[in-house]
Amino acid sequence: MSSSSEEDNIALSKRSHKSKNGSSTKRKKLHPPSSEDEDDLPLSKRAETATPSASPVKKRKLDSNGSSSKSNGTSKSSSSTKKRIKVESNPSTPKNSVKKSSSSTVTPNNVTKSAKKEKETKKDSKTKVKAEEVKEDSPSQSQQAEDEDDDSYKWWEAEDLDGEVKWDTLEHNGVLFPPEYEPLPSHIKLFYDGKPIDLPPVVEEVVGFYAAMLETDHAKNPVFQNNFFEDLVQIIKETKNEQLRATIKDFNKCDFSKMYTYFEQLREEKKSLSKDEKKRIKEEKEKLEEPFKTCYLNGRPEMVGNFRVEPPGLFRGRGAHPKTGKLKRRVFPENVTLNLGKNAKIPEPPAGHEWGEIRHDNTVAWLAMWKENIADSLKYVRFAASSSIKGQSDFKKFETARQLKHHVESIRKDYTKNLKSELMQDRQLASATYLIDKFALRAGGEKGDDEADTVGCCSLRFEHITLKPPNIVVFDFLGKDSIRYYQEVEVDKQVFKNLRIFKKSPKGPGDDLFDRINPSLLNKQLQNYMKGLTAKVFRTYNASKTMQDQLDLITNEGTVAEKIVKFNAANRTVAILCNHQRTVSKSHGSVVQKINDKLKELLWQKIRLKKMILQIEPNLKKKDKAYFEEINDLIKEDEQYIHEIVIQRQREQVLKKMARDNEKLKAEKEPLLTEKSESIKEKLDKIKELEKEYKAELKSGKPEVKKQLTVEKLKQQIETIETRIVNTSLQLKDKEDNSEVSLGTSKMNYIDPRLTVMFSKKYDVPIEKLFTKTLREKFTWAIESTDKDWRF
DNA sequence: TCTACAACTTAGTACACAAGTA
DNA sequence: TACTTGTGTACTAAGTTGTAGA
């Protein structure tokens, strides 16, 4: 195979070699000199804040004067500069300084206004405000709540604070811990080597985690079993119970079945509780959770998202996660850091415990935090999706994506040019940007050996793409959540050429395709075009742009149901672009089979009715050939199969009803029904008669025509069946099209909600049909600020 | 320059509950 | 009314991105 001289030049002079350690995931990459950011975001889109307390100026990100986005003295606080207090026996509140700056905010309303004056720019004031200067004299929660208007706070109608500082005051009641472990009844035991074993509660709890999952796919995974057992042995070791330690050595000798049966029994019992009992339990739970559900942000009530501390259990990693099955340990108050306003009351920790740490960091948007033991990463308790703080963040995300439309042409022009760059790094950047833009790939950061082997654009390896000349690329890799990305696509000829260069020897399986770049580098380059532009913005931009284009194709005709189908089809296009998949449910096969059977049965019914018409008026067959064309569509085997289904179904119905009645009779201590009982026998005999009738019909090819039937009546029945056939076919198509596609993710994260609101208003489709309650709460800002002419 | 980490968004899955159907 | 199926939400894993600091 010969390559062009251009390829050779680049390949020889610029191409990298295999990573030093030969590892497929770890490598060294070159970094280019950083470039100064330009301010591409129209400043007119940033309104000035109205009140002194809400007017601090941000000093990073969307910096107003176009200066570098690099942090300076006012950059995000480090762990050493953040205000924190270790909770000791006598907690005090030292006056550490917290950097504070923010800028004015962009809100849907003021952006609409300012969008009209797109080119206008306005400089933010740059007032640094120290945390000490922030008003912390928050009124009591109830007082403040009373002062609020009846309506909840509409941040999109207000000038609000933005940027570095996220709040002035924050009050909350801490977090809700899972209940303590309750040991199992003494007769429920783990069996080891055939013998029951007494376990201390801490060990029993861990064993129970596995036992409860015994029938899941996780529990059958050898990696899961191994990790679980390793951690179980460790827990046993920690109990210092030497006898137990000496006993439990082999996973395969453990018999969890008794425990599993017990847990199943508990589940069944819970399911069969009376309505009142269930209601009572629910009310108790709600009462317990009530104090944690709401917090006070700048004195206003806001919902907290995940206020429950994650309970202990076995880690359920996705895909081939090397740590799947490991024990997720119980989190204690001592492990938890709370984040509160300086003057907020510190919630009481559970009895006998103390909080790990109390912070007063108003540059972050979390209320509590702890470190988990699987990946040593942090878990946060945050505001709910419906909160103002999240809403603002969402709004900004979509506005950034919208801004991209002003730059995308020049970005595309540049990367098209750079596809031929002499510099390998530039050529890789251009090619990667092309893939991210065109196929909505994720950035693809580097991953460790203790994580599942999944990739994104920058971390694609040699084996993840196959090149088929002249310009077809087959992508086959595991992306986020180990979801397979498989696409055979046509690419730009130069991109194809580049990919061939990036794959050239000495590279082989395990080597990075893009060995000179990484997401950080790529994002740095993107930010030369527009502040806040990163690889992920392309996904949001392309998703929303696709949705807008798809909605533009929809005509304002038909019923609401038909419009929803079209909207969902548009949504599906976006979901496919983003490769949002879902696992095909276990019942999918049988559900599809059922619908197919139903369709066959409907067709049979229709044909049968037409045959009846011909028995009444045989000459109609010649008069209306087309109408009767299908009467021979079903072969005898099909017909027989349908007869069997119908008969079987009817019989099952009778027997099921009998079983139900027997349950009652049993409770009332009455004699039970059998197939020989008169009422049942009568029904079963009728079915037998029907069976005979069908047999005869199969032989003669002529269904029996009841006296009262007329051609007109039969035609009406046929019409009804035809409608049902159309609906059932649609249902089947919908099932098949959607079985692997998840529409929710794109609707929630990628499609600008204002597009959905616009569609709702323009096409008279109630928003309730497009957004669930949760989404309506999350996107209230969009619902209340968008009109029918809005465009992405 | 590179790595680690903090803080955030994005994502699929499990399960409870609601709606539909017989 | 009972059962089945579908939908919505909670949960939490798994990404991206920016920054600090070695």
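Each chain gets a letter, A, B and so on, in the order its sequence line appears, and its residues count up from 1.
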Euclidean distance, atom CG of residue A:L378 to atom P of C:dA14 [Å, nearest integer]: 16 Å
Side-chain N or O of A:K390 closer than 4.0 Å to phosphate OP1/OP2 of B:dT9: yes
Shortest non-hydrogen contact between A:F383 and A:L297, atoms and distance: CZ-CD1, 3.7 Å
Contact summary for A:M748 and A:F779, nearest pair of heavy atoms: O-CZ, 3.4 Å
Distance-only donor-acceptor test, A:K480 side-chain atoms vs B:dT10 base atoms, 3.5 Å: yes
Any A:T583 side-chain nitrogen or oxygen under 4.0 Å from OP1 or OP2 of B:dT13: yes
Side chain of A:Y380 (C-beta onward), nearest among C:dT12, C:dA13, B:dC8: B:dC8
Short side-chain N/O contact from A:T454 to OP1 or OP2 of C:dA14, under 4.0 Å: no
Presence of donor-acceptor pair under 3.5 Å, side chain of A:R318 and base of B:dG12: yes
SB check A:E283 A:R280 (cutoff 4.0 Å): no
Sugar-phosphate only, base, or nothing, as touched by A:A535 at under 4.0 Å among non-hydrogen atoms: sugar-phosphate
d(CD, A:E164; C1', C:dA20) in whole Å: 13 Å
Phosphate-side-chain proximity, A:K536 and B:dT10, N/O vs OP1/OP2 below 4.0 Å: yes
Side-chain N,O (A:H321) to OP1/OP2 (C:dA13) below 4.0 Å: no
Side chain of A:T534 - closest among C:dT17, C:dT9, B:dA11: C:dT17
Length of the line joining A:W167:CH2 and B:dA7:P, which is rounded to integer Å: 12 Å
5′-ward residue of the pair A:M369/A:H218 relative to DNA chain B: A:M369
Earlier contact from the 5' end, DNA chain B, for A:R582 and A:S377: A:S377
Phosphate OP1/OP2 of C:dT17: any A:N523 side-chain N/O under 4.0 Å: yes
Distance (rounded to the nearest 0.5 Å) between A:L338 CG and A:E357 CD: 9.5 Å
A:R316 CZ - C:dC11 P separation (whole Å): 14 Å
No-hydrogen, no-angle side-chain donor-acceptor test under 3.5 Å, A:K397 and A:T540: no
